[in-house]
Amino acid sequence: MPKAYFTTPIFYVNDIPHIGHAYNILATDTLVRYWRKKLGRENVFFLTGTDENSQKTVDAAKKANEAVGPYLDKMAKNWQTTWEKCGIDFDDFIRTTEDRHHQKVHEVLQKIYNAGDIYLGEYVGKYCTGCETFLKEDELNEKGECPDHLKKPDELKEKNYFFRLSKYQDLLLDLYAKNPNFLQPEKRKNEVLSFIKSGLEDISISRESAEIGIKFPFDKSHTIYVWVEALINYISGCPEGETSDFWKNCTHIVGKDITKFHNVIWPAMLLSAKISLPKEVFAHGYFTIDGTKMSKSLGNVVDPLDLSDKFGNDALRTGLLSSFEFGNDGDFSVRNFEEFYRTKLAGGVGNLFNRVIILVHKFLDREKVTVTTNEVDIKKDLEKFNNLLEQKKLKASIDHFFTVVDSANQLLNDTEVWKLAKTDLEKATDIFGQLLNKLVVLAQMAEVILPESAPKMKTMLGDKNRLGKAIILFERIE
Ligand code: MSP
């Protein structure tokens with residue numbers, strides 16, 4: 001059986017999870033569920049975790065008046081339990097403060113060093129702690145500030161180790177020529193390609209003054225640049241390591257803001273260390289909330305747990321993922337979300353299951369109900385759904401699910417089967433059969449996009465001989 005390995009970015013622990021992060025991990029979890037269904041659970045691996053060796057986590061711990069170690073433990077736990085509460089079914093949660101990660105980082109950095117790609121030099125430049133990156137003059141705003149963090153970067157002058165990124169310019173172009181899907185969607189690939197073509201400079205990969213981090217294996221007085229070691233988490237947490245089929249079939253799901261790291265620096269590091277590359281990177285877009293950027297200062301940051309507590313995890317997942325297509329930028333509004341819940345979930349699929357099951361029980365002898373499964377239709381709808389998921393079209397796959405819901409509701413209303421059953425039971429039985437077929441397809445699709453409702457749907461559908469009782473899938477919320 002082929003293997004598949006999916007990763008999310010590891011999250012900075014100084015922050016608390018918001019729906020921007022939840023969007024990334026829910027999308028990944030949805031793709032994982034599709035592949036687990038196709039390849040079997042043991043052949044699919046899902047890794048997430050936390051990025052902890054960053055100066056900003058030390059600053060945050062100080063601000064909170066807490067010792068760094070316990071602060072990191074507390075924050076990492078918060079990320080992990082948040083994702084568990086949101087119904088994310090990851091296989092492993094990696095923290096970059098773990099030994100297994102430190103060991104792997106040493107191994108990989110030593111390989112890059114042995115390849116002659118690390119040298120000592122002096123760095124003078126402007127460093128933004130918010131981004132954990134050096135910024136060039138032309139990347140700053142008119143006030144000389146980082147445009148994302150609106151803060152003047154620190155002037156740094158220190159002895160640094162450098163990675164010979166410039167050496168990999170042509171090899172990277174070659175990689176993209178040979179593997180056009182290494183970065184998707186196309187738009188993001190073009191950005192990265194023009195960045196590479198504009199000329200790659202060697203990058204500083206050490207800090208002398210960092211208060212936290214992993215030391216170089218060959219020089220313990222220097223700390224490894226957090227991004228360089230963070231990327232290695234994907235190997236530290238890979239089942240069976242970097243020579244395994246999991247690794248070769250690895251998909252990194254990232255936000256579009258971090259493609260330079262995942263699509264320039266990371267493949268160059270791997271080429272240098274002579275480690276095979278992951279299969280692909282998919283970069284999704286960013287969303288605004290009601291048309292404005294989500295930010296703490298604006299006070300419009302949405303906590304995924306607030307939505308999940310009130311509407312449930314299936315609503316959180318499908319509401320977010322169906323707001324705009326995966327790969328594009330978009331907007332999220334709580335008002336549209338509530339409308340989606342009311343019309344598509346409670347009034348749509350929830351109501352459909354309830355009505356059909358209740359009607360079948362009312363008119364047919366439940367012991368004798370057999371679902372006249374019309375295989376062709378089921379296959380056609382499922383195939384379309386699966387194809388969309390193979391292409392990572394998450395919104396389209398959810399939309400297709402609701403097209404089937406709508407067609408079932410239409411069949412129900414057009415035939416007025418509840419009246420028909422009183423005059424022509426034979427004809428009505430045939431319609432009930434068609435409706436139950438649709439419910440069977442929906443229950444199968446739900447395993448991927450509505451994983452908490454899927455078992456309830458299955459219970460309602462019962463087995464070949466006996467239909468289950470109606471269950472309310474989505475409570476009406478005022
Ligand atoms: N620690 C790095 C990743 C290292 S991976 C080796 C990092 N962490 S992060 O916590 O800041 O961001 C994690 C992910 O959340 C990124 O993919 C980022 O793009 C995503 N998002 C953060 N805000 C977002 C939105 N408003 N919309 C969509 N995705 C967003 O970067």
Side-chain angles (χ1 to χ4, degrees), residues 6-29 47-57 60 72 75-76 78-80 82-83 86 88 93-97 101 104-105 108 128-133 148-149 183 188 212-214 224-238 250-267 269-270 278 281-296 298 300-304 320-321 323-333 394:
F6 283 86
T7 67
T8 70
I10 45 173
F11 302 95
Y12 284 129
V13 276
N14 59 303
D15 211 350
I16 52 163
H18 61 57
I19 57 165
H21 309 119
Y23 177 78
N24 172 287
I25 198 165
L26 280 162
T28 313
D29 184 78
L47 180 74
T48 188
T50 41
D51 193 350
E52 305 187 15
N53 302 311
S54 158
Q55 185 59 38
K56 50 186 173 189
T57 59
L72 293 179
M75 297 303 274
N78 183 43
W79 280 89
Q80 182 166 349
T82 299
W83 298 148
C86 290
I88 308 295
F93 190 94
I94 191 160
R95 299 180 54 189
T96 54
T97 41
H101 178 63
K104 196 43 100 181
V105 168
V108 175
C128 173
T129 314
C131 302
E132 285 289 8
T133 192
D148 288 337
H149 296 92
L183 172 57
R188 300 277 99 91
I212 191 169
I214 305 177
I224 304 167
Y225 173 38
V226 61
W227 260 106
V228 161
E229 55 92 349
L231 288 160
I232 299 171
N233 91 85
Y234 300 132
I235 297 182
S236 318
C238 177
C250 176
T251 301
H252 299 316
I253 303 289
V254 303
K256 66 171 182 179
D257 54 324
I258 53 179
T259 51
K260 244 181 244 173
F261 298 103
H262 285 83
N263 289 86
V264 182
I265 299 176
W266 181 224
M269 283 168 60
L270 292 168
V281 180
F282 187 94
H284 60 75
Y286 253 55
F287 56 84
T288 47
I289 303 282
D290 296 316
T292 29
K293 193 175 161 181
M294 186 164 44
S295 84
K296 271 186 213 152
L298 287 174
N300 63 350
V301 176
V302 180
D303 181 344
L320 267 177
L321 297 179
S323 294
F324 53 95
E325 190 51 278
F326 196 46
N328 297 345
D329 290 325
D331 187 56
F332 176 80
S333 95
L394 296 173

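Residue numbers start at 1 and run along the sequence shown. Bear in mind that the values here come from a model prediction, so they are computed numbers and not experimental data. Counting starts at 1 for both ligands and their atoms, following the listed order.
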Subset of ligand 1 atoms that lie under 4.0 Å from at least one heavy atom of [X]:
X	value
Pro9	3 (C), 5 (S), 14 (C), 16 (C), 17 (O)
Asp257	18 (C), 19 (O)
His284	28 (C), 29 (N)
Phe287	26 (N), 27 (N)
Asp51	1 (N), 2 (C), 4 (C)
Met294	26 (N)

Examine the proximity of ligand 1 to Ile258 and report which part, side chain or backbone, both or neither, has a heavy atom under 4.0 Å away.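 Side chain only; the backbone of Ile258 stays clear of ligand 1.
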
Protein contact of [atom] - nearest heavy atom, named by residue and atom, plus distance:
atom	result
atom 21 (N) of ligand 1	Tyr286 OH, 3.6 Å
atom 2 (C) of ligand 1	Ile10 O, 3.4 Å
atom 12 (O) of ligand 1	His21 CD2, 4.0 Å

Does the residue [X] have a heavy-atom contact with ligand 1, meaning some pair of atoms that are separated by less than 4.0 Å?
X	answer
Gly285	yes
Trp227	yes
His18	yes

Are a donor atom and an acceptor atom from the side chains of Thr129 and Gln55 found within less than 3.5 Å of each other?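 Checked: Thr129/Gln55 side chains show no N/O donor-acceptor pair below 3.5 Å.
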
For the residue pair Asp331 / Thr288, report whether a side-chain donor-acceptor contact shorter than 3.5 Å exists.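 Result is yes, a qualifying pair exists.
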
Could you give me the CA-CA distance, side-chain angles and deciding distance for Trp266 and His252, then say whether side-chain hydrogen bond (donor to acceptor under 3.5 Å, both in side chains) is met? CA-CA 11 Å; Trp266 181 224; His252 299 316; 3.2 Å; yes

Is atom CD1 of Ile16 surrounded by more than 12 heavy atoms (other residues, nucleotides or ligands) closer than 6.0 Å?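 No.
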
Contact check: Gly255 vs ligand 1, nitrogen or oxygen atoms, below 3.5 angstrom: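 Yes - when backbone and side-chain N and O of Gly255 are compared with those of ligand 1, one distance drops under 3.5 Å.
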
Check the orientation of His21 and Phe11. Use parallel for under 30°, tilted for 30 to 60°, and perpendicular for over 60°.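 Answer is perpendicular, since the angle exceeds 60°.
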
Kindly assign one of parallel, tilted or perpendicular to the pair Phe261 and Trp227, based on the angle between their ring planes and the thresholds 30° and 60°.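 Judged by the thresholds at 30° and 60°, the geometry between Phe261 and Trp227 is parallel.
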
Indicate, with yes or no, if the rings of Phe332 and Tyr23 have centres closer together than 6.0 Å.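 No, the ring of Phe332 stays outside the 6.0 Å limit from the ring of Tyr23, centre to centre.
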
Salt-bridged, Asp329 to Lys256, with N to O below 4.0 Å?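 Salt bridge flag = yes for Lys256 with Asp329.
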
Of the listed options Tyr23, Tyr234, Tyr12, closest to atom 5 (S) of ligand 1 (non-hydrogen atoms):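 Looking at heavy atoms only, the winner is Tyr234.
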
Given Arg95, His101, Lys104, the one that forms side-chain hydrogen bond (donor to acceptor under 3.5 Å, both in side chains) with Ser236: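 That would be His101; it is the only one of Arg95, His101, Lys104 passing the side-chain hydrogen bond (donor to acceptor under 3.5 Å, both in side chains) with Ser236.
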
Rounded to the nearest 0.5 Å, what separates atom OG1 in Thr96 from atom CG in Asn53?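 It comes to 4.0 Å.
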
